[in-house]
Amino acid sequence: MTTPEDGVLYEVVNGEIQGEPRPLPGHGLSQGVLYSELSLPFHRGRGGPGGWWFIIEPDVRLGIHDIVVPDIVGWRKERMPVFPRSRPIDTVPDWICELLSPSSRNRD
């Protein structure tokens, strides 16, 4: 969850609100490149198995005290047949990716 007032990304981890500054532009570029590599074979089934949803930076509820915003998240369509329309997403992902940077490596 990001607030427009301060540009901080907030998550709830172990019941505590934690915030950190939004990543630098290179981080977003890396997310986009990885997403595009996953999309054709895993989402669309071109050269791969298909059958996945991938979302960049969704709000995901992992438990009663944890709402996180991973860099890229994936669900098998057999487990989540309908694309989510609200947030946070309550279906625990099948795959979570965090792109590590020096400022977020310990937390992620």
Side-chain angles (χ1 to χ4, degrees):
M1 302 167 277
T2 303
T3 62
E5 296 81 24
D6 60 8
V8 173
L9 175 72
Y10 291 100
E11 297 180 314
V12 180
V13 179
N14 294 323
E16 294 183 23
I17 296 174
Q18 298 181 359
E20 75 174 49
R22 296 288 305 147
L24 296 172
H27 187 86
L29 176 64
S30 296
Q31 283 176 310
V33 169
L34 181 55
Y35 179 87
S36 68
E37 291 292 321
L38 294 167
S39 183
L40 286 178
F42 293 98
H43 176 73
R44 296 179 177 234
R46 293 185 191 159
W52 284 79
W53 299 115
F54 290 102
I55 305 175
I56 295 174
E57 295 188 357
D59 296 335
V60 178
R61 186 185 326 266
L62 297 178
I64 191 166
H65 299 293
D66 297 291
I67 299 175
V68 297
V69 184
D71 288 320
I72 304 174
V73 182
W75 292 265
R76 294 177 185 270
K77 290 181 181 177
E78 63 194 30
R79 281 192 58 242
M80 190 170 76
V82 177
F83 191 81
R85 301 280 182 230
S86 62
R87 62 180 195 187
I89 299 168
D90 287 319
T91 303
V92 175
D94 294 301
W95 183 81
I96 295 177
C97 174
E98 285 290 348
L99 300 169
L100 299 180
S101 63
S103 63
S104 69
R105 180 178 304 269
N106 290 334
R107 189 179 70 81
D108 289 341

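Under a hydrophobic-cluster definition in which Ile, Leu, Val, Met, Phe, Trp and Tyr are linked whenever side-chain heavy atoms come within less than 4.5 Å, directly or via other members, Ile64 and Val12 are assigned to different clusters. Cluster annotation: Val73 and Phe83 are assigned to the same hydrophobic cluster (Ile/Leu/Val/Met/Phe/Trp/Tyr, side-chain heavy-atom contacts under 4.5 Å, transitive). A continuous path of ILVMFWY side-chain contacts below 4.5 Å connects Val92 to Val13, so both sit in one hydrophobic cluster. Trp95 and Val33 are members of different hydrophobic clusters when ILVMFWY side chains are connected at heavy-atom separations under 4.5 Å.
Pro84 and Met80 get closest at one heavy-atom pair: CD-CE, 3.6 Å. Contact between Trp75 and Pro58 at its shortest, heavy atoms only, is CH2-CG, 4.3 Å. Across every non-hydrogen atom of Asp59 and Arg87, the tightest pair is OD2-CD, 3.2 Å.
With hydrogens and angles ignored, the 3.5 Å screen pairs no side-chain donor or acceptor of Glu11 with any backbone N or O of Gln18.
Within 6.0 Å of CZ in Arg79 there are more than 12 heavy atoms belonging to other residues, nucleotides or ligands.
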Between His27 and Asp71, does a side-chain contact (heavy atoms from CB on, under 4.5 Å) hold up when you go through it step by step?
-> CA-CA 9 Å; His27 187 86; Asp71 288 320; 2.9 Å; yes
side-chain contact (heavy atoms from CB on, under 4.5 Å) between Ile67 and Arg61: does it pass, once the steps are laid out?
-> CA-CA 4 Å; Ile67 299 175; Arg61 186 185 326 266; 3.7 Å; yes
Verdict with supporting geometry, Lys77 and Trp52, side-chain contact (heavy atoms from CB on, under 4.5 Å) = CA-CA 5 Å; Lys77 290 181 181 177; Trp52 284 79; 5.7 Å; no
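Leu62 has its side chain within reach of Pro93: a pair of non-hydrogen atoms, C-beta onward, lies under 4.5 Å apart. Within the 4.5 Å cutoff, the side chain of Thr91 has no heavy atoms near those of the Trp53 side chain. Residues Ile55 and Ile89 meet the side-chain proximity criterion, which asks for heavy atoms closer than 4.5 Å. Asn14 is listed as a side-chain neighbour of Asp66, based on a closest heavy-atom distance under 4.5 Å.
Here Ser30 contributes atom OG and Ile72 contributes atom CD1; the two are 9.0 Å apart, rounded to the nearest 0.5 Å.
In this structure, Phe54 and Tyr35 have perpendicular ring planes: the angle between them is above 60°, well past the 30° mark.
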